[in-house]
Amino acid sequence: MMERKREMGIAHFARRIKQPRGIWVKMTFIVVLGLCFVFFWSILSSSASSFNVQRESFDDIAEPVSARTKSAHEVTESSKLHERGKVESGSKSKEGKKVGGPSVHKHETKKKKEHVVSHPHKKKDVPKPVVEEVVVKEDQEHEEAESDDSDQSNKEDGEEGTESDGNEGDSDGYGDDSVDEQVEEKNEEVTVTEISKKRKRKGPVFDPKAEYSWRLCNTRSKHNYMPCIDNDGLIGRLRSYRHRERSCPKKPVMCLVPLPHDGYDPPVSWPESKSKILYKNVAHPKLAAYIKKHNWVNETGDYLTFPQNQTQFNGNVLQYLEFIQEMVPDIEWGKNVRIVLDIGCSDSSFVAALLDKDVLTVSLGLKDDLVDLAQVALERGFPTFVSSLASRRLPFPSGVFDTIHCAACGIHWHSHGGKLLLEMNRILRPNGYFILSSNSDKIEDDEAMTALTASICWNILAHKTEEASEMGVRIYQKPESNDIYELRRKKNPPLCEDNENPDAAWYVPMKTCIHEIPSAIEQHGAEWPEEWPKRLETYPEWLTSKEKAIENTKHWNDMVNKSYLTGLGIDWLHIRNVMDMTAIYGGFGASLVKQNVWVMNVVPVHSPDTLPFIYERGLLGIYHDWCEPFGTYPRSYDLLHADHLFSRLKNRCKQPASIVVEMDRLTRPGGWVVVRDKVEILEPLEEILRSLHWEIRMTYAQDKEGMLCAQKTLWRP
């Protein structure tokens with residue numbers, strides 16, 4: 001019955017189509033068929049394309065792996081997700097941090113690259129990258145340091161994961177841009193596509209086809225421009241003169257700092273520069289007004305002169321030093337105490353007097369020093385760097401300064417929960433001394449300071465007034481063991497967590513906690529160093545690569561004595577301020593101890609953390625990331641030494657040529673740079689220096705390695 005009805009319906013529909021008015025029914029029928037066709041075709045094509053995508057990925061699928069391998073892979077992937085989560089949370093925090101702190105160095109990324117290479121999904125189709133091997137082979141010394149110090153550098157990976165794997169903090173710092181590249185390196189995916197992207201970035205350090213056109217920097221600070229310290233730019237000009245914290249420009253600095261308004265003449269040589277310098281080289285509007293109000297500096301013709309032993313206070317600086325040692329005989333300037341940090345940079349008389357006693361003092365020029373007294377100190381030939389002292393740690397490891405000195409430095413140590421004093425406690429050596437001098441103590445400040453120092457168990461050794469200067473001098477001593485911390489009635493400030501790395505210092509916020517004092521012989525800072533100069537050649541038990549450090553010292557002694565002092569054409573009588581841009585064990589700086597120079601040993605944040613050993617030897621040093629400008633004034637150094645700096649920084653920096661611009665900023669006219677690196681790096685570097693009108697004094701190459709020696713001129717565009 002149903003079949004007959006269906007047939008009758010079809011016949012009726014056919015008769016309707018044959019009628020003239022059935023044309024509309026015909027068109028409707030065709031449209032319905034077309035829509036059905038499109039619908040079924042879209043389903044089929046979607047399946048086909050989906051199949052093609054899956055099929056393309058078959059090339060990346062390896063042979064079946066064992067359950068053990070699979071489990072390891074899953075653990076690795078989960079750890080990557082965990083690590084990525086930490087990075088993302090760090091970048092959202094209010095106090096951002098820089099990727100790659102001083103204790104999580106390059107070998108950590110290297111480990112992850114090796115894991116990527118050995119991943120089972122790539123063992124057939126992806127060739128093993130050799131870039132890391134090339135970089136490692138370029139300098140055996142660096143490789144040995146990395147391999148031997150890998151355990152030491154990774155002591156506090158947990159802490160660094162939260163402290164260093166974030167952002168720089170300031171929204172106008174270019175770390176916001178560079179951090180993405182470094183996070184990408186830490187979280188490499190195991191796909192052929194991303195490996196090929198990484199490989200595309202592994203090109204030459206300098207673009208050999210690049211042409212450089214230079215211009216002068218147009219900044220508010222003009223010839224004294226410090227890119228990461230001075231607040232510049234359109235918005236910055238409406239704010240304070242300098243950043244509250246270190247904050248670098250978003251784009252790498254590619255402009256040249258102009259010379260002073262009246263030009264720049266060769267600086268007065270050491271030791272005469274202790275007593276006079278050329279005024280025009282450090283001319284500053286506020287400096288002129290400052291000179292009129294102080295008697296420790298005088299304007300004498302073309303020079304600024306500094307009366308011997310004269311300070312900004314009454315009395316004699318030598319009497320002041322003797323007064324301190326009389327109160328605490330164990331200080332023994334030049335023997336027991338070798339390395340000193342002087343907070344604030346005023347007359348530098350303290351630094352100058354201690355130099356005569358074989359004490360090496362580095363001055364911290366605060367960013368609030370708008371008179372630029374730190375630049376005056378550098379021109380005189382005294383170790384100085386510029387930094388803020390607000391909420392981030394200073395770029396030093398823990399427990400390295402024998403003494404910290406603050407004479408009327410204007411810092412309220414007890415404010416903000418004592419955070420600043422706790423930072424001094426971090427970098428002060430156990431049993432080290434904190435000397436606080438002031439001629440205007442307030443009762444409230446005095447009581448607050450007494451309570452704070454008692455809460456961190458500092459022992460006050462002496463509190464007297466020096467009659468000649470009328471300065472009240474207090475000498476505190478940091479405890480030598482952790483036992484005393486347990487005796488505190490109130491555990492405030494508390495002890496730091498176990499995963500808190502005391503040596504992490506690059507873009508790491510200060511903590512309101514007390515780091516435990518090292519007690520094991522394997523930890524640096526557990527014992528006071530040998531007396532100077534014996535400590536220079538002493539290799540402590542906690543140094544895991546003692547043989548390599550000895551070889552490093554011998555190597556640079558031979559190199560400096562046989563080549564640097566006589567074979568490069570450098571007049572060392574005019575060299576005072578020296579920087580080793582890639583210090584490992586400080587061998588280069590140690591080889592120059594008998595010369596009339598001081599060396600700032602820079603340990604890059606991406607390399608093994610050897611800076612504690614450099615301080616243990618009685619030398620100065622600092623952490624730094626060379627993808628950013630250094631914290632000092634232009635024209636600060638007479639000689640820069642860079643041993644495989646550029647090959648070590650390969651593909652880390654957005655614009656490697658900006659490092660050459662920074663070297664130009666740091667170097668005085670007439671100053672020198674000595675670069676040792678691969679020939680493929682030195683050749684384009686030479687062209688960049690020539691474009692800056694530097695004079696190439698010497699080039700040498702042998703077996704793909706070479707050396708370049710160049711001298712800066714007065715040229716500005």
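- For Asp262 and Lys280, the salt-bridge test fails: no basic side-chain N is under 4.0 Å from an acidic carboxylate O.
- With hydrogens and angles disregarded, no donor-acceptor distance shorter than 3.5 Å links the side chain of Trp672 to the backbone of Gly569.
- With Ser273 contributing its side chain and Arg380 its backbone, the two residues share a donor-acceptor pair below 3.5 Å.
- Neither side chain, Asn298 nor Thr300, offers a donor N or O lying under 3.5 Å from an acceptor on the other.
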What do the steps show when you test Asp703 against Lys678 for salt bridge (Lys or Arg N to Asp or Glu O under 4.0 Å), and what is the final call?
CA-CA 9 Å; Asp703 298 332; Lys678 299 177 70 64; over 6 Å; no
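- Checked by atom type and distance alone, the side chain of Thr610 pairs as donor or acceptor with a backbone atom of Ile584 at under 3.5 Å.
- Minimum heavy-atom separation, His223 to Val257: O-CG1, 3.5 Å.
- Using a 4.5 Å heavy-atom threshold, the side chains of Leu364 and Asp342 count as separate.
- Checked by atom type and distance alone, the side chain of Glu662 pairs as donor or acceptor with a backbone atom of Phe630 at under 3.5 Å.
- The OH atom of Tyr564 lies 9.5 Å from the CG atom of Leu592; values are rounded to the nearest 0.5 Å.
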Verdict with reasoning, Val560 to Gln595, per side-chain contact (heavy atoms from CB on, under 4.5 Å):
CA-CA 11 Å; Val560 168; Gln595 305 298 317; over 6 Å; no
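- Side chains of Tyr290 and His284: a donor-acceptor N/O pair is absent below 3.5 angstrom, by distance only.
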Thr361 vs Arg338, side-chain hydrogen bond (donor to acceptor under 3.5 Å, both in side chains): CA-CA, chis, key distance, verdict:
CA-CA 8 Å; Thr361 305; Arg338 162 66 178 174; over 6 Å; no
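- Put simply, the side chain of Arg246 never gets that close to the backbone of Cys228: no donor and acceptor are under 3.5 Å apart.
- Side-chain N or O atoms of Ser636 include none that pairs as donor or acceptor with a backbone N or O of Thr632 at under 3.5 Å.
- Minimum heavy-atom separation, Tyr585 to Phe613: O-CE2, 3.6 Å.
- Summarising the local packing, CG of Asp302 is surrounded by 12 or fewer heavy atoms from other residues, nucleotides or ligands at distances under 6.0 Å.
- Judged purely by distance below 3.5 Å, without hydrogens or angles, the side chains of His574 and Asp571 pair a donor atom with an acceptor atom.
- Counted within 6.0 Å of CD on Gln308, heavy atoms from surrounding residues, nucleotides or ligands total 12 or fewer; the atom is thus considered open.
- Using modelled atom types, one finds no donor on one side chain facing an acceptor on the other under 3.5 Å when comparing Asp347 with Thr311.
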side-chain contact (heavy atoms from CB on, under 4.5 Å) between Leu639 and Met579: does it pass, once the steps are laid out?
CA-CA 6 Å; Leu639 187 145; Met579 175 186 286; over 6 Å; no
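- Contact detail for Gly589 and Leu619: the closest heavy-atom pair is C-CD1, 4.4 Å.
- For the pair Gln711 (side chain) and Gly671 (backbone), a donor-acceptor distance under 3.5 Å is absent.
- Residues Ser563 and Thr566 form no side-chain contact, since every pair of their non-hydrogen atoms from C-beta on lies 4.5 Å or further apart.
- Nearest heavy-atom pair across Leu259 and Pro669 is CD2-CG, 4.0 Å.
- A distance of 10.5 Å separates CG of Leu689 from OG1 of Thr713, quoted to the nearest 0.5 Å.
- Distance CG/Leu373 to OG/Ser348: 7.5 Å, rounded to 0.5 Å.
- Between Val362 and Phe401, some side-chain heavy-atom pair lies under the 4.5 Å cut-off.
- A donor-acceptor contact under 3.5 angstrom links the side chains of Asn224 and Asp372, judged on distance only.
- In this structure a side-chain-to-backbone donor-acceptor pair under 3.5 Å is present from Lys712 to Thr667.
- For Trp506 and His624, the gap between ring centers is short of 6.0 Å.
- In this structure, the side chain of Tyr212 does not engage the main chain of Ile688 through any donor-acceptor pair within 3.5 Å.
- When all heavy atoms are compared, the tightest approach of Val340 to Val359 is CG2-CG1, 3.6 Å.
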Evaluate the side-chain contact (heavy atoms from CB on, under 4.5 Å) criterion for residues Val205 and Leu649: first the C-alpha distance (whole Å), next the side-chain angles of each, then the deciding distance (0.1 Å), finally the verdict.
CA-CA 8 Å; Val205 174; Leu649 290 174; over 6 Å; no
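- If you check the side chains of His644 and Asp677, you find no donor sitting under 3.5 Å from an acceptor.
- With sequence neighbours excluded, the residues satisfying ring pair (Phe, Tyr, Trp, His ring centres under 6.0 Å) with Phe385 are Phe396.
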Go through Phe646 and Val675 one step at a time and tell me if the side-chain contact (heavy atoms from CB on, under 4.5 Å) criterion holds.
CA-CA 9 Å; Phe646 295 99; Val675 183; 4.2 Å; yes
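- Applying the side-chain hydrogen bond (donor to acceptor under 3.5 Å, both in side chains) test to Glu272 and every residue at least two apart in sequence or in another chain returns Lys276.
- In this structure, the separation between CZ on Arg220 and CG on Asp230 is 8.0 Å, given to the nearest 0.5 Å.
- Geometric assessment of Arg665 against the ring of Tyr225 yields a negative cation-pi assignment under the 6.0 Å and 45° thresholds.
- Tyr507 and Asp625 share no donor-acceptor pair across their side chains, judged by distance under 3.5 Å alone.
- Within 6.0 Å of OH on Tyr303 lie no more than 12 heavy atoms contributed by other residues, nucleotides or ligands.
- Under the ring pair (Phe, Tyr, Trp, His ring centres under 6.0 Å) criterion, Trp694 pairs with no residue, sequence neighbours left out.
- Residues Arg668 and Glu379 are paired through a salt bridge, judged by an N-O separation under 4.0 Å between the basic side chain and the carboxylate.
- Side-chain atoms of Trp214 and Ser691 include a donor-acceptor pair closer than 3.5 Å.
- Looking at Arg676 and Asp643, a side-chain N of the basic residue comes within less than 4.0 Å of a carboxylate O on the acidic one, giving a salt bridge.
- In terms of heavy atoms, Ala353 sits closest to Val317 at CB-CG1, 3.9 Å.
- Asn552 places no side-chain N or O within donor-acceptor distance of the main-chain N or O of Lys548, the cut-off being under 3.5 Å.
- The aromatic rings of His405 and Phe350 lie parallel to each other, with less than 30° between the two planes, well short of the 60° mark.
- For the atom pair Gln375 CD and Cys345 SG, the distance stands at 11.0 Å (nearest 0.5 Å).
- Checking Trp598 against Asn577 by side-chain atom types alone, a donor-acceptor pair falls below 3.5 Å.
- Rounding to the nearest 0.5 Å gives a distance of 11.5 Å between SG of Cys709 and CD of Glu695.
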Checking Phe588 against Trp556 for the ring pair (Phe, Tyr, Trp, His ring centres under 6.0 Å) test, could you report, in this order, the C-alpha distance in whole Å, the side-chain angles of both residues, the deciding distance, and whether it holds?
CA-CA 5 Å; Phe588 177 75; Trp556 284 113; 5.6 Å; yes
